[in-house]
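Only one structure is covered here, and it is reproduced in the block below.
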Amino acid sequence: MAAIDPREVQKRFDRLTSILGDIASHADSQAAERCPYRDRHDQCTAKFHCRNQTPTEASDMQHCGHDGRFDYRSAWETDPAAVERARQKLKKTREKRKDDV
């Protein structure tokens with residue numbers, strides 16, 4: 001069995017972190033302006049009542065009528081300090097990646 005090079009492991013870990021970090025950043029910014037239950041056809045996929053739902057004649061689904069000005073992130077961010085630490089780590093990884101390129 002070949003020896004594991006810690007530098008190679010770290011390099012691969014940093015690459016995965018940068019890829020997943022970009023995905024997380026995009027999801028984070030999108031969560032501030034888009035309802036997580038709204039699909040690409042502006043239909044509401046929530047299985048519960050929401051004040052932004054409006055009935056549609058075309059289907060049994062409800063239309064998502066939000067105006068894009070609400071933020072659902074507080075519903076799942078229970079430890080703001082942990083969230084901020086993760087953001088700072090992602091920022092450092094992105095900066096390092098820019099320096100490497």
Side-chain angles (χ1 to χ4, degrees):
M1 181 181 218
I4 296 173
D5 182 5
R7 290 178 299 223
E8 279 299 312
V9 171
Q10 186 62 47
K11 182 179 172 182
R12 291 175 184 176
F13 176 73
D14 290 343
R15 177 73 176 132
L16 280 173
T17 301
S18 73
I19 291 169
L20 296 175
D22 291 343
I23 293 170
S25 294
H26 176 72
D28 192 36
S29 66
Q30 190 177 34
E33 55 192 49
R34 183 173 177 85
C35 175
Y37 299 101
R38 185 179 188 170
D39 71 7
R40 65 187 180 104
H41 300 294
D42 296 331
Q43 298 294 318
C44 180
T45 62
K47 302 297 182 195
F48 53 87
H49 178 71
C50 173
R51 68 174 181 230
N52 296 307
Q53 291 175 338
T54 56
T56 59
E57 296 176 19
S59 73
D60 295 334
M61 292 188 75
Q62 299 285 325
H63 177 78
C64 184
H66 82 46
D67 60 6
R69 288 187 285 161
F70 51 71
D71 187 348
Y72 280 99
R73 290 176 294 177
S74 62
W76 59 82
E77 289 179 0
T78 58
D79 184 1
V83 172
E84 187 56 34
R85 285 191 304 272
R87 285 187 180 136
Q88 292 303 319
K89 185 174 181 178
L90 289 171
K91 183 178 177 182
K92 287 179 185 177
T93 301
R94 279 191 215 106
E95 289 171 357
K96 183 179 177 189
R97 189 176 95 196
K98 287 178 185 176
D99 292 341
D100 292 343
V101 174

| task | Check side-chain hydrogen bond (donor to acceptor under 3.5 Å, both in side chains) between Glu95 and all other residues, then give those that pass, not counting sequence neighbours. | result | none

| note | To the nearest 0.5 Å, atom OG1 of Thr93 lies from atom CD of Gln88 at 11.0 Å

| message | Could you list the cluster mates of Val9? Members are the ILVMFWY residues connected by side-chain heavy atoms closer than 4.5 Å, either directly or through other members. | response | Ile4

| field | side chain to side chain contact (heavy atoms under 4.5 Å, CB included) involving Ala3 - partner list, sequence neighbours excluded | value | none

| Partner set under salt bridge (charged side-chain N to carboxylate O under 4.0 Å, His left out) for Arg40, not counting sequence neighbours | none

| query | How far does CZ of Arg85 sit from CG of Leu90, to the nearest 0.5 angstrom? | reply | 13.0 Å

| said: So, taking the atom named CG in Asp5 and the one named NZ in Lys11, what distance separates them when rounded to the nearest 0.5 Å? | reply: 10.0 Å

| message | Can you list everything that forms a side-chain hydrogen bond (donor to acceptor under 3.5 Å, both in side chains) with Gln10? Sequence neighbours excluded, please. | response | Asp14

| task | List the atom of Gln53, the atom of Ala46, and the distance in Å for their closest heavy-atom pair. | result | NE2-O, 4.1 Å

| Sequence-distant partners of Arg94, salt bridge (charged side-chain N to carboxylate O under 4.0 Å, His left out), two or more places apart | Asp22

